[in-house]
Amino acid sequence: MNTALALEVPFLDLKAQYRALAPEVNRAVTDVLESAQFVGGPSVENFEQEFASYIGARYAIGVSSGTSALELALKVADIGPGDEVLVPANSFFATAEAVSNVGAKPVFTDVDAASFHLDLHSAERMITSRTRAIIPVHLYGRAMDLRLVTEFADAHRLRIIEDAAQAHGSKYNDKTVGASGRLTCFSFYPGKNLGAYGDAGAVTTNDSNEAHKLRLLRDHGSPAKYQHSIIGTNARLDSIQAAILSIKLRHLDHWNQLRRRHATQMSAALADSSVTPPTVPAGGEHVFHLFVVRSPQRNELRHYLSDNGIGTGIHYPVPLHLTEAYQQLGYPGKGALPVAEQLAEEILSLPMYPELTDDQIESTIDAIMHFAG
Ligand SMILES: Cc1ncc(COP(=O)(O)O)c(C=O)c1O
């Protein structure tokens, strides 16, 4: 390709979105600053109500990050030392880390090569008398069909805690991820489909007792100032982030629609190449937090795209059971979870955000077709 003519396509461009929202966001931030209500208060309560109603859950509890959402959800589910929790080997590190941080042990399962989701056959093999919970991850924004997971969990008496950090607004059978009534954990890390301008997260649930406990846990176990009924932590959602999230939530469906449109265009163009585009589940949705393709020549393709000004990512290059941090669990190395290991070598995340222009999409497609057409 003629690099001199190629258009820069950053992997992610958060500035474009901020520019479009700046007047609204700046006003909302100024309002919080002038109210001096920096922790809690109306902006947090409003966002929690708006997010719960958007998702279709009875409660949304704002917390400080997706990681704290997972940690608090595990605590509410009473998972702790001596317990094992099934976690897919191809998630972001935090899914497993949260399990470790409540004193339990993550047990990694292999994944399905087409959906990238947790594989229940593998999970079945990992069950022991200590298994207490399973964390399906709606990875990359692709809603996971939880009917089989629910049967599996019921058969083994497991709690299901959903990791929806990448799946805001995604649906399965017309039900928004998080509306199941179970504990569902969201991250609003800046690059997410619904991203704050700092760290933030939420847990949704339909259970009033669990919602109450989550509110206590995120704020030092405190139902009222200087009363502490349980031992919690500080994992509150801050007011400025909540005000920003309320504004951005109004745009989420439109942004997801744009992501889907870009994805459809790229998938159609790549259909005849040696690169495998992601699929959309029958009966389900994909909100393309990440647009992840597979290529047997992943590293070469990545270098080629980089040389042509196109940013890419790998989510994630090391399956969780092979990370340095989890060597303590004694996995025998490569071969233990073959599908996750194979995927880690072939996956490539292409630029994907609502603000991608047609020219940028064309440039990305042209470069890939030139390499792999
Ligand atoms: C699948 C998944 N789980 C958990 C997290 C943790 O969220 P956070 O970065 O907000 O702590 C993330 C995001 O980074 C994620 O992608």
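Both ligands and their constituent atoms are indexed starting at 1 by order of listing. Hydrogens, waters and symmetry mates play no part in the numbers below; they use all other heavy atoms, side chains included.
Partners of R302 according to the salt bridge (charged side-chain N to carboxylate O under 4.0 Å, His left out) rule, which considers only residues two or more places apart in sequence or in another chain, do not exist here. Qualifying side-chain contact (heavy atoms from CB on, under 4.5 Å) partners for Y172, counting only residues two or more places apart in sequence or in other chains: A143, D145, R147, P281.
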Considering only distance and modelled atom types, tabulate donor-acceptor pairs under 3.5 Å from the side chains of residues 208-216, sequence neighbours left out.
residue	atom	partner	partner atom	Å
E210	OE1	R159	NH2	3.2
E210	OE2	R159	NH1	3.0
E210	OE2	R159	NH2	3.4

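Ion pair E48/R218 flagged as a salt bridge, since at least one NZ, NE, NH1 or NH2 atom sits closer than 4.0 Å to an Asp/Glu carboxylate oxygen. For R182 and E162, the salt-bridge test passes: some basic side-chain N is under 4.0 Å from an acidic carboxylate O. Checked for salt-bridge contact, E285 and R260 meet the test: a charged N lies under 4.0 Å from a carboxylate O.
Sorted by chain then number, the residues whose non-hydrogen atoms approach ligand 1 to under 4.0 Å are S65, G66, T67, L70, S91, F92, A94, T95, V137, D163, A165, Q166, S187, K192, Y316.
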